[in-house]
Amino acid sequence: MQDYLLPLNEPQREAVLYTEGPLMIVAGAGSGKTKVLTTRIAHLIHQGVDSFRILALTFTNKAAKEMKERIEVILGNHEARNLYIGTFHSVFSRVLRADAERLGYPSNFTIYDTDDAKSVIKSIVKELNLDDKVYKASFVYNRISTTKNNLYTYKEYRADNTIQQEDARSNRPMIGEIFEYYSKRCFKNGAMDFDDLLVNMYILLTNFPDVLAKYQHKFRYVMIDEYQDTNLAQYHIVKLLGALNENICVVGDDAQSIYSFRGASMQNIFQFQKDYEEVKVIKLEQNYRSTSTILDAANMVISKNENQIKKALWTEKESGEKIKLACSFTDNDEGKFVADAIMEQKLRNHFSNKDFAILYRTNAQSRAFEESLRRLGIKYRIFGGTSFYQRKEVKDYVAYLRILVNPQDEESLKRIINYPARGIGTTTLNKISIVAQEQNKTFWEVLCLATEAGIKGNTLTTIQDFVLAIRHFQSLLSKKNAYEVAFEIGKQCGIVKELNADKSVEGLARYENIQELLNSIKEYTETPDEEGEVVERSLGSYLQQITLLTDADQNNGEEEDAVKLMTVHASKGLEFPIVFLVGVEENIFPSSMSMYDRANLEEERRLFYVAITRAREKVWISYANNRYRFGSLISNEPSRFIDELPKALLDMSLAEKPTFKTTFVRSNPASNDHVIQQKKLIPKPTSTHNPPSDFVPDNPTNMKTGMKVEHQRFGIGHIISMEGSISNQVATINFGTMGEKKIMLNYAKLRIIE
DNA sequence: TGCGCAGGTGTTTTT
DNA sequence: CACCTGCGCA
């Protein structure tokens, strides 16, 4: 037997050796699926399969990179370098670079990120004279995105009665029209958004039989990780690519499907088994990651879901510590509590910073933890939020580079034509836009012929200078490398000078970001090609690549000794010795956006499952009674998911009293803990009011100044005043001995008494 | 055309 | 609370 097969258990080995024909690996959390995938690829190469002919699609670029490295270790050579491996989006963008022209796109097409796409939608809504409050960019974008991920074009969208009725009912009948304009505009700009990378790949394969044949022959083996998070477009592409050889191996876990908002459907898992006559299914059920306590808890929670493939995940590991439940008074206290707990664990049990992860449902929750960690001098690193390449100053600079490579890109052109300020305002911009529309020219073409567009005087000279400058840099590109050109742009256009002039903390950070951007270009373009390397190192490929970098990819190089902070989504595929899962409250986790129908709630539950199963040794679950949201204090109940955990696996000693760091005087220390414990497992120690058992909150829209209302925790009070917008009303309520409180009606549960 | 201020408005999750 | 937008003024 080969050495690399020795560390595998029976089903793992079977999965590695089963190389021919369709294979589905159902891999539970922590069951060694990455190990199986890497060993499987290594085995293929070892058996003599040409490494250029293996395609592996992963969820993040970082995962791809790690897999490559692990394969190199197993094989002891650099064969893995030739693999086609990466995310769907990055692999397809590479394929499309080669064949984009057949679809009428330039090979240096620009990739629009979500912000770019929304900005295009905004201009279209404006051009069509529609109300931007009704046609909010994010709403329209999501709808278009979902449609495209289901492989619907704007034509089909506009022709579909059901869709049109839906839009009519939501009072947004023009979405189809916006969709059409948007598609045409992107095409004219030589730009693809994230979804276009999938859609156009699909079109390329279906409309050009020779291209399909080329890739079907090229990719003799196809492997897909995280299959439960693929969408319909991805499903069809994979099916097409694998149709010739049918050597398709998908790896997934329905229990970890958490991206339905992006069009992912775990239906693809079930469909896979129907698509091929002789599909082999292998289940990996032994968990090597977590203690049995953690695993039992996770299994118990996920068992509440109706929609799932039954699995029996087990472990040989010891039971370990119970899951600690911790209750804090406010979100700030929660931050301090977690930082203290980390400090204590470090001192008492000799853990290092890098052993800890703090996982939350939304990015906005990170702040309290950042502050408290900083105060204790604990090094931390946040993953996610606005990524480096989304920062304004970086995007502005990148826009210059995009224009050099693809002058059709109107979006980027608008970004930089007046940055740094050179006196070209909205008036001129609109004028050019109109001429461009009328004469069916690109924005750039009109700029080049500014005289004909009726532009005169100073503005004309400015535009002509701008055009000359861009052309100069374009020609420079053939003489100098991308880094040198980028550097020249910063210098000659005065961007660097302008940023350097701002000596504020933020200004300094912006300046440093630009230096970092230049460094990254230098590193990318000046890395010598290794033998056999298939990566292209032009400015065009650099620009496409950076747009597709994910949060998980930003971890540059060696692992540093820092506490990791990230959303539960971002933690997928990772593991940590100790996990703090925080903000585990109703309205937050599960999110108030997804708790009102079964499918959404089940996805939240899977998310909870993912969070817990990240931990190897210890899990702390934390919630706060009150937290600041939009500036005022709101109260949330502990999450229903806490109730779903087996009591025997919980250590509730820290949840009996909330940790107080805030100065707060309890008006009635002799609270009624015992009553509440009977009613609900989770103690609510701050309760000083005992609501009747039939307490039903009323609709907040009926509440008016002067009313007498009952709050579950604060008791009876009078509404003194109401403020805030209609969608987000804040009431000031006098609760007598409990004092005056500002309450957000959308979140609080209030009952009208009279 | 550009800047400063007031007011409104919004928070899932991400390629 | 922060961020963004829109408006008024120089």
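This structure is a prediction, so every number in the text was calculated from the model and none was measured. Quick note on labels: first sequence line is chain A, next is B, and so on, each numbered from 1.
- Here the nucleotide nearest the side chain of A/T428, chosen from B/dT11, B/dT1, B/dT13, is B/dT1.
- For A/R629, the side-chain atoms get nearest to B/dT11 when compared with the rest of B/dT15, B/dT11, B/dT9.
- Here A/K118 pairs with nothing under the side chain to side chain donor-acceptor pair (under 3.5 Å) rule; sequence neighbours left out.
- Between A/K572 and A/D229 there is a salt bridge, since at least one side-chain N of the basic residue sits less than 4.0 Å from a carboxylate O of the acidic one.
- Phosphate proximity of B/dT13 to A/S591: absent, as no side-chain N or O sits under 4.0 Å from OP1 or OP2.
- Annotation: proximity of residues 363-370 of chain A to DNA chain B (heavy atom, distance under 4.0 Å) is found for A/N363, A/A364, numbered in ascending order.
- Regarding A/Y360, its OH atom lies at a distance of 18 Å from the P atom of B/dT11, rounded to whole Å.
- A/I463 places its CD1 atom 14 Å from the C1' atom of B/dT1, with the value rounded to the nearest Å.
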Within the sub-3.5 Å range, which N or O atoms of nucleotides 3-9 of chain C have a protein N or O partner, and how far apart are they?
none

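- Looking at residues two or more places apart in sequence or on another chain, you find a side chain to side chain donor-acceptor pair (under 3.5 Å) between A/S119 and A/E411.
- The interatomic distance linking A/F383 (CZ) with B/dT14 (P) rounds to 13 Å, in whole Å.
- A/F369 meets the ring-ring contact (aromatic ring centres under 6.0 Å, His included) test with no other residue; sequence neighbours excluded.
- Put simply, OH on A/Y419 is 18 Å from C1' on B/dT1, counting in whole angstrom units.
- Here the side chain of A/H569 is nearest to one of B/dG2, B/dT14, B/dT11, namely B/dT14.
- Within 4.0 Å (heavy atoms only), A/S90 reaches no atom of the nucleic acid at all.
- With B/dT1, B/dT14, B/dT15 as the choices, the nucleotide that has an atom nearest any side-chain atom of A/T427 turns out to be B/dT1.
- With both ends at atom P, the span from C/dC4 to B/dT13 equals 16 Å, rounded to whole Å.
- Taking 4.0 angstrom as the limit, A/K136 places a side-chain polar atom (N or O) nearer than this to OP1 or OP2 of B/dG10.
- Atom CG of A/L607 and atom C1' of B/dT13 are 7 Å apart (whole Å).
- Applying the ring-ring contact (aromatic ring centres under 6.0 Å, His included) test to A/F443 and every residue at least two apart in sequence or in another chain returns nothing.
- Qualifying ring-ring contact (aromatic ring centres under 6.0 Å, His included) partners for A/F187, counting only residues two or more places apart in sequence or in other chains: A/Y105.
- The shortest non-hydrogen separation linking A/L359 to A/A611 is CD1-O, 4.0 Å.
- When distances are taken from the side chain of A/F630 to each of B/dT14, B/dT15, B/dT11, the shortest belongs to B/dT11.
- For A/F608, the ring-ring contact (aromatic ring centres under 6.0 Å, His included) criterion is met by A/F589, A/F641, not counting sequence neighbours.
- Shown here are the salt bridge (Lys or Arg N to Asp or Glu O under 4.0 Å) partners of A/D193, two or more places apart in sequence or in another chain: A/K148.
- Within 4.0 Å (heavy atoms only), A/Y259 reaches sugar-phosphate atoms of the nucleic acid but no base atom.
- The interatomic distance linking A/D225 (CG) with B/dT15 (C1') rounds to 15 Å, in whole Å.
- Ring centers of A/F261 and A/Y259: under 6.0 Å apart, within the cut-off.
- The A/H89 side chain lies nearest to B/dT15 when the options are B/dT15, B/dT1, B/dT14.
- Rounding to whole angstrom units, OH of residue A/Y141 and C1' of B/dT14 are separated by 9 Å.
- To the nearest angstrom, P of B/dT13 lies 18 Å from CZ of A/R606.
- Side-chain proximity of A/F194 to the nucleotides B/dT14, B/dG2, B/dT15 is greatest for B/dT15.
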